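See below for the structure under consideration.
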Amino acid sequence: MPSPNETLSKTFERHEAEKRVYALWEENNLFRADPARPGEPFVIVIPPPNVTGNLHMGHALDNTLQDALIRFHRMLGDNTLWIPGTDHAGIATQAVVERSLAAEGVTRQELGREKFLEKVWAWKEEFGGKIIGQLKRLGASCDWSRERFTMDAGLSRAVREVFVTLYEDGLIRQEDYVINWCPRCQTALSDIEVEREDREGTLYYIVYEGVDGAPPLTVATTRPETVFADVAVAVNPQDARYRDHKFVKVPFVNRAVPVIFDSYVDMEFGTGALKVTPAHDGNDFKIGKRHDLPIFSCVDKDGRLNRETGPYEGLDRFASRAVILADLEAKGLLAKTEPLQHALGVCYRCRTPIEPLLSLQWFVKTESLAKSAADAVRDGRIKIVPSSWENTFFNWMDNIRDWCVSRQLWWGHQIPAWKCASCGKTHVLREDPTDCPDCHGPLARDPDVLDTWFSSGLWPFSTLGWPDETEDLKRYYPTTVLVTGFDIIFFWVARMMMMGLKIMKEVPFRTVVLHPLVRDASGQKMSKSKGNVIDPLTIIDEYGADAFRFTLASQAGSGRDLKLSAERVAGYSRFITKLWNAARFALPLLQGPPPTPLPKPQTLPDQWIRSRLAVATMAVNAALREFSFDRAAETLYHFIWDEFCDWYLELAKPLLYGDDPKLKESAAQNLYAVFSETLALLHPIAPFVTEELYSRLPGAKGFLMVAPFPRGRAEDRDEAAEKNVGYLMDVCRAVRQTRADFGLAPGAKVAPVVQSSDGEILSLLRERAPLLLKLMGASSLSFSGDPGAKPADAATVIHAWGEVWTPLAGQIDLEAEMGKRLKEIAKLEKELAAARQKLQNPAYVRKAPPEIVEETREKLASAEIRLQSAQRSRDLIGDLTRAAR
RNA sequence: AGGCGUGUAGCUCAGUGGGAGAGCACUACCCUGACACGGUAGUGGUCAAGAGUUCAAAUCUCUUCACGCCUACCA
């Protein structure tokens with residue numbers, strides 16, 4: 001680090017400093033957790049980003065908040081651990097590698113499973129985890145020595161252990177079921193991986209002829225190409241129209257199918273008759289089960305019509321539609337068509353329409369797991385912040401459906417299930433078998449892998465070493481806080497709860513902090529196709545990590561959207577510069593750290609800023625404890641800019657620059673204490689600039705990152721000092737206001753007079769006069785106890801404690817000033833009337849709390865005073881106008 | 001269809017029973033020896049609309065309107 005005495009550059013050279021400071025933190029092992037150390041555990045597991053991923057705004061926000069919490073608690077002395085890592089992201093990663101293979105003209109099928117997986121691992125080693133370096137640029141203080149990957153050996157063992165345990169407990173089973181199939185990705189998807197898109201579709205009315213001359217029946221469908229797999233037509237039992245229909249013929253294949261009654265059918269929709277296709281619709285599947293109907297497919301996994309469709313075999317499911325409709329029409333079986341707006345299920349990755357398909361898959365039975373998770377939130381073992389999300393959470397947990405966990409991919413945790421070729425039994429095992437445990441027949445392993453969310457569901461304990469009883473696991477489970485966006489409550493948060501409670505018999509975390517999603521400045525989702533993506537690294541390059549983090553924190557309290565714009569970051573980068581410049585002023589004046597315990601402040605400016613610091617410190621502590629990052633940021637912004645820089649530094653200058661060595665020293669020591677504590681308060685949100693400035697404090701030891709976080713000294717609260725500085729501010733503002741209102745020439749030195757009947761106030765002000773002169777741009781300040789001593793042509797500002805008279809000089813825009821005064825008077829009169837009316841209301845005086853009534857009286861008095869001020873100004877302007885004529 | 005949420009200054013938002021606020025933007029003036037990425041003083045709002053509860057409503061209740069999100073079995 002540069003030596004403390006070196007003068008600061010004009011602005012914070014953040015590129016160089018961020019790199020240097022971060023390297024120092026790492027070299028000094030400051031991120032590393034030690035279970036043996038004392039302290040309350042404070043543990044966060046990172047939501048593992050995809051190993052293929054790049055840092056985007058969502059990550060930036062998420063990790064800024066986590067880092068702020070970790071840094072805060074580290075400084076509080078807690079035993080903090082922030083576990084980083086990445087997710088193997090099955091389908092996403094497989095797709096990336098397949099794409100790079102395609103460039104070489106190879107498919108994964110040609111390569112074979114084993115070779116392909118080698119390629120993926122090689123890709124992961126070379127390109128994966130780029131995001132880790134990007135998190136470091138953000139300042140993330142993760143314990144990198146504990147970095148994990150959802151497919152590393154330990155986590156894979158955990159996955160297998162959990163799968164087998166759930167299987168043994170009857171919570172996992174393999175079943176034929178209609179699942180969501182993506183014909184493009186060639187895999188099953190869970191229900192929540194299906195997204196709904198509103199699309200303009202068409203409702204086709206198709207005639208099914210009656211069997212043996214029975215009357216025909218018309219059904220309405222959006223999917224005429226699935227008629228081949230129809231096994232029934234269903235109508236509502238209440239529906240009188242179809243009482244006499246017994247059997248109808250499926251078009252093209254002329255199969256006779258029964259007309260059945262099922263209350264699921266909506267009589268109002270279409271014709272009130274529904275074609276039942278159990279193999280290609282989830283609801284039809286349920287109807288089929290209820291009525292014990294046969295089930296078979298007419299669309300294959302590649303999305304083409306199969307053999308059941310006869311001449312149409314091989315056609316794409318959508319391309320076939322036109323042909324089929326034309327043929328239906330030719331047969332006179334297409335009664336009519338009408339447009340229909342419907343929500344089409346599409347693959348969350350490639351937006352290909354989902355094909356509901358009958359298939360053999362593995363399911364996790366979620367009902368009991370979900371109940372225990374919901375109970376944990378209901379009884380407060382897990383707190384959701386903000387609590388408004390609880391209803392959404394319960395709504396899902398109470399209506400949860402079984403979780404399809406098998407995926408027809410290669411990249412992932414292969415399901416530990418083997419099927420015996422001779423006895424046909426399926427074995428789910430912890431250790432790889434050589435032959436069938438029952439009959440020693442040859443075994444074939446299930447080729448499917450698990451949903452990537454299965455392994456991330458174990459993240460809070462698998463990363464701590466489970467299933468081994470590690471020191472980390474004992475010390476750090478359950479984790480303390482989980483910070484994430486609300487978009488993955490169901491994908492991830494709920495599943496961690498279910499898995500943690502089932503496997504560990506204990507909640508995975510005590511608090512879930514849900515933050516907004518980052519949008520662009522106009523509230524649009526950031527997406528490549530819209531071209532509105534702001535790259536966090538570009539922002540960091542341009543404005544610095546501190547300004548960026550401060551911006552994110554300051555906006556993290558708002559509702560569900562965080563609208564981010566570069567202008568806003570630019571604004572907060574000025575705040576960082578302001579702090580830097582305050583340091584440029586302060587550092588050369590400092591000799592060394594103040595003695596401990598910190599001496600009581602002796603002078604008014606010191607008493608005042610210490611009091612204000614105590615208030616701000618307590619507010620920041622409270623805000624960070626309550627995850628109100630925005631409140632913490634706002635408090636710091638105003639304390640540093642308005643109170644520390646604008647008032648305290650100005651008030652302290654005469655002492656710091658003065659001739660009295662004793663005063664000088666105590667002022668410098670106080671400045672040191674206040675400034676260094678301010679840096680500490682700001683550190684969790686803006687770690688780089690604060691660490692850098694801390695290192696420049698003469699005699700500062702160690703790192704700010706591990707310095708104690710200020711708690712706020714209650715004994716520093718000093719109401720008298722705050723009141724007295726209030727008088728100084730009153731005088732100062734009165735003169736400044738007069739200067740501005742009456743357009744006094746900037747160079748013109750005024751000679752204001754302060755009048756008060758309170759001798760103590762006068763002597764206080766007299767003592768501070770030299771200081772005030774500079775702040776007001778006055779040549780002299782005089783004092784009077786006598787209201788009659790007012791100079792002619794002086795503007796008056798009245799305060800409750802006295803008056804400030806400022807003699808006028810120079811050019812004044814009388815007309816404009818008169819307008820302003822009249823407007824002000826009107827406003828004040830209104831205010832007065834309102835207050836008077838309240839006080840005249842007996843019900844108010846009787847029922848309102850006395851302090852509120854008192855407040856209103858004070859308000860009335862203050863409005864009267866301000867009205868007097870304004871009236872005097874008006875009269876003065878009137879006089880001046882007449883004199884000018 | 002149901003659920004959740006939002007509506008406050010030109011923009012972004014804080015404020016959950018008692019003075020309508022902040023940042024940015026805007027206006028005027030000022031390079032005063034840390035900072036013009038600065039300072040000082042200002043302009044700007046029927047708190048979406050209506051009704052109710054209350055001595056008192058941006059805040060609580062109801063209704064309406066607008067927008068957003070989530071969930072869902074209307075083929």
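Remember, it's a predicted structure, so these values are computed and weren't measured experimentally. So that the names make sense, note that chain A is the first sequence line, chain B the second, and so on, each numbered from 1.
- No side-chain N or O of A/Thr551 forms a donor-acceptor pair with one of A/Tyr543 less than 3.5 Å apart.
- Atom C1' of nucleotide B/C35 and atom CG of A/Leu579 are separated by 11 Å, given to the nearest angstrom.
- Within the nucleic acid shown, A/Glu650 comes within 4.0 Å of at least one base atom, counting heavy atoms only.
- Base pairing of B/C67: its partner is B/G5, meeting the Watson-Crick or G-U wobble criterion (both donor-acceptor distances under 3.5 Å).
- At a cut-off of 3.5 Å, with distance as the only test, a side-chain donor of A/Lys275 or A/Thr277 sits close to an acceptor on the other residue.
- Nearest-nucleotide positions on RNA chain B place A/Tyr657 closer to the 5' end than the other of A/Ala843 and A/Tyr657.
- Pairing for B/U61 goes to B/A51, judged as Watson-Crick or G-U wobble with the two contacts each under 3.5 Å.
- The base-pairing partner of B/G44, taking Watson-Crick or G-U wobble contacts with both distances under 3.5 Å, does not exist among the strands shown.
- Taking each heavy atom of A/Arg196 and A/Gly345 in turn, the nearest pair found is NH1-N, 4.0 Å.
- Across B/G17 and B/C60, the matching P atoms stand 8 Å from one another, rounded to whole Å.
- Using C1' as the reference atom, B/C4 and B/A49 are 22 Å apart when rounded to the nearest Å.
- B/G15 and B/A22 have their C1' atoms separated by 10 Å, with the value rounded to a whole Å.
- Per the geometry, OH belonging to A/Tyr844 stands 12 Å off C1' belonging to B/G17, to the nearest Å.
- Here the P atom of nucleotide B/C13 and the CG atom of A/Leu564 are 11 Å apart, to the nearest Å.
- Annotation: B/A48 and B/G10 have their P atoms spaced 13 Å apart (nearest Å).
- Separating the P atom of B/C62 from that of B/G3 is a span of 13 Å, rounded to the nearest Å.
- The same atom, P, is picked in B/U59 and in B/C74; the two are 37 Å apart, to the nearest Å.
- For A/Asn391 and B/G2, the CG to C1' distance is 13 Å, given to the nearest whole Å.
- Rounded to an integer number of Å, the gap from A/Leu589 CG to B/A34 P is 9 Å.
- A distance below 6.0 Å separates the ring centres of A/Tyr572 and A/Tyr637.
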Output one line per pair: protein atom, nucleotide atom from nucleotides 73-75 of chain B, and distance, for all N/O pairs under 3.5 Å.
residue, atom, partner, partner atom, Å
B/C73, OP2, A/Arg401, NH2, 3.3
B/C73, O4', A/Asn283, OD1, 2.8
B/C73, O4', A/Asn283, ND2, 2.7
B/C73, O2', A/Tyr264, OH, 2.5
B/C74, O2, A/Asp266, OD2, 2.7
B/A75, N6, A/Asp266, O, 3.0
B/A75, N6, A/Phe269, O, 2.9
B/A75, N1, A/Asp266, N, 3.3

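- Distances shown here put every side-chain N or O of A/Lys774 at or beyond 4.0 Å from the OP1 or OP2 atom of B/U32.
- Ring geometry, A/Phe644 versus A/Phe639: the interplanar angle falls from 30° to 60°, so the pair is classed tilted.
- Nucleotide B/G38 is matched to B/C30 when pairs are restricted to Watson-Crick or G-U wobble geometry with both distances under 3.5 angstrom.
- Taking both residues in full, the closest heavy atoms of A/Leu552 and A/Leu562 are given as O-CD1, 4.0 Å, listed atom of the first, atom of the second, then distance.
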Using a 4.0 Å heavy-atom cut-off, write out nucleotides 37-44 of chain B from 5' to 3' as B (base contacted by protein), S (sugar-phosphate only) or - (no contact).
BSSSSSSS

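- For the pair A/Leu649 and A/Arg519, both in contact range of RNA chain B, the more 5′-proximal nearest nucleotide belongs to A/Leu649.
- The cationic group of A/Lys653 lies under 6.0 Å from the six-membered ring centre of A/Phe585 and within 45° of the ring axis, placing it in a cation-pi geometry.
- If you check every strand for non-hydrogen atoms under 4.0 Å, A/Pro588 touches nothing.
- Of the N and O atoms on the side chains of A/Glu643 and A/His638, not one donor lies less than 3.5 Å from an acceptor on the other residue.
- Counting to the nearest Å, the P atom of B/U54 and the CG atom of A/Asn841 are 14 Å from each other.
- As rounded to the nearest Å, B/C35 and B/U27 have P atoms that lie 26 Å from one another.
- Pairing of B/C13, defined by two Watson-Crick or G-U wobble distances under 3.5 Å, is identified with B/G21.
- Distance check: A/Phe261 CZ to A/Asp239 CG gives 8.5 Å after rounding to the nearest 0.5 Å.
- One C1' atom belongs to B/G21, the other to B/C31, and the distance between them is 31 Å to the nearest Å.
- Atom CZ in A/Phe639 sits roughly 19 Å away from atom C1' in B/G23 (whole-Å rounding).
- No hydrogens or angles considered: nothing links the side chains of A/Asp266 and A/Asn236 as a donor-acceptor pair under 3.5 Å.
- The closest side-chain donor-acceptor pair between A/Glu390 and A/Ser387, if any, does not fall under 3.5 angstrom.
- Nucleotide B/C35 holds its P atom 16 Å from the CG atom of A/Leu693, rounded to whole Å.
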